[in-house]
Amino acid sequence: MMSADQTSAAPLSSRSEASTDADAFDLKGYLNQRREQVESALNASIEVIYPEKIYEAMRYSLMAGGKRLRPILCLATCELTGGSIEMAMPTACALEMIHTMSLIHDDLPAMDNDDYRRGKLTNHKVYGEDIAILAGDGLLAYAFEYLAVHTKGVAPERLLKVVARLGNAVAATGLVGGQVVDLDCEGAADITVKTLNFIHTHKTGALLEASVVSGAELASADDETLAKLTQYARNIGLAFQIVDDVLDITATDEELGKTAGKDLTAQKATYPSLWGIDESRRQAQQLVEAAKAVLEPFGARALPLIAIADYITNRRS
Ligand code: GRG
């Protein structure tokens, strides 16, 4: 395998300059600051009113932590392309609402049947299956309302494109389609890399791509820039999932905030089951290198995205 879209190699000199800058970039500080901004915006986004139970259930999963990678990617690409944090924050929150609702539904007994998520009991374990389904539905619908009502300073036609992009990432063309094939493949012995790639480019990749590209879309980036960021996103999206599969085997319950080793128990085809752990890590690293190479024309402005790409392969949760 290699790369959603390969890019030409950069000259060695500019590569080493970029990697020196990337080494000096304070990713931890950057992520902490962005996470705090996202947490605060998410906290303010949902008020508990009557009927309290549903708002509490929505807030329970939305405020349960998590890396906040999707909103941070959206904010980063908006800034990279000349926009501001403020104009992207409502879309960033909407992305996290959509991601959270997909986790709530994914954890249901009819799907992956998980008891823990983000280090806490899953939504249905606390509120029951009926409310968990509705909390997911509530978050999904509210995500679109939220970005439509709260986005300021963005050209309306750009905002409409973002709405369409997010809808496409969630629908049968994205998360839903990926989840259907994933469910179909459970227990099957003969899954190919092509099928596995289909599952993950849809289940995981589609929303990560929407997160990356929507930030730039809000800032009215040109088509060439959007195309470059799409390539970056496709490469990190696949790398993210390969690393996720590896972590399911190598990380602990505490590190993951959920039950480790579930893929093996559920007899799921994963990248390590097809390639082994070492080759999976190598493939993920290759994808991350390809993602970083796409960003070279952006110079130092792309340091946050370069550092996030590296974080994807180095993370433990
Ligand atoms: C979207 C309408 C609709 C229905 C949902 C259940 C489902 C259809 C799709 C499953 C999507 C899913 C759960 C994909 C897995 C994506 C993934 C790798 C999740 C883990 O993401 P992290 O590591 O988690 O970013 P945190 O907790 O850090 O946010």
Side-chain angles (χ1 to χ4, degrees), residues 31 34-35 38-39 42 60-74 92-114 116-120 122-124 129 132-144 166-186 196 198-212 233 236-248 251 253 255-260 262-263 266 268 270-271 284 308 311-317:
L31 291 179
R34 288 288 175 272
R35 240 177 242 132
V38 170
E39 292 297 332
L42 287 173
Y60 173 80
S61 293
L62 189 65
M63 300 313 296
K67 295 179 285 298
R68 310 306 195 192
L69 186 60
R70 291 151 192 83
I72 291 172
L73 282 167
C74 173
C93 288
L95 286 159
E96 190 63 26
M97 289 173 198
I98 293 170
H99 170 56
T100 301
M101 77 71 53
S102 80
L103 300 180
I104 296 174
H105 281 196
D106 192 51
D107 291 335
L108 287 166
M111 304 253 187
D112 268 9
N113 194 18
D114 275 300
Y116 290 94
R117 172 72 72 175
R118 293 174 162 174
K120 296 175 76 171
T122 43
N123 200 290
H124 65 273
E129 280 181 54
I133 292 168
L134 292 167
D137 295 344
L139 280 169
L140 180 59
Y142 187 53
F144 287 94
L166 264 56
N168 183 270
V170 173
T173 40
L175 265 77
V176 169
Q179 180 77 346
V180 168
V181 178
D182 194 15
L183 291 171
D184 269 355
C185 289
E186 228 163 85
L196 204 55
F198 179 93
I199 293 171
H200 296 305
T201 51
H202 290 74
K203 229 183 114 164
T204 305
L207 196 59
L208 284 170
E209 183 179 322
S211 306
V212 168
I236 63 160
L238 211 43
F240 186 87
Q241 185 59 51
I242 297 172
V243 171
D244 221 59
D245 285 358
V246 169
L247 288 175
D248 187 70
D253 289 8
E255 284 171 322
L256 295 181
K258 61 178 185 178
T259 316
K262 276 290 302 250
D263 293 343
K268 274 200 172 179
T270 62
Y271 290 102
I308 291 170
Y311 163 75
I312 282 172
T313 36
N314 297 332
R315 71 199 169 98
R316 289 295 300 163
S317 68

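Both counts, for ligands and for their atoms, begin at 1 and track the order of listing.
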For this session: May I ask you to decide if Glu96's main-chain N or O and Arg68's side chain share a donor-acceptor pair within less than 3.5 Å?
Result: no

Problem set entry | Selection residues 236-245 - residue pairs positive for salt bridge (Lys or Arg N to Asp or Glu O under 4.0 Å), sequence neighbours left out | Asp244-Arg315

For this session: Report the C-alpha separation of Lys268 and Asp248 in whole Å, then their side-chain angles, then the decisive distance to 0.1 Å, and conclude whether the salt bridge (charged side-chain N to carboxylate O under 4.0 Å, His left out) test is met.
Result: CA-CA 11 Å; Lys268 274 200 172 179; Asp248 187 70; over 6 Å; no

Exercise. Are Asp112 and Lys262 close enough for a salt bridge, meaning some N to O gap below 4.0 Å?
Worked result: no

Problem set entry | Residue Phe144 excluded, over 12 heavy atoms near CZ under 6.0 Å | yes

Exercise. Name the residues in contact with ligand 1, where contact means a heavy atom under 4.0 Å away: which are they?
Worked result: Gly66, Lys67, Arg70, His99, Met101, Ser102, Leu103, Asp106, Arg118, Leu140, Val170, Leu175, Val176, Gln179, Lys203, Thr204, Phe240, Gln241, Asp244

For this session: Examine distances only and state if a side-chain atom of Asp107 and a backbone atom of Thr122 form a donor-acceptor pair shorter than 3.5 Å.
Result: no

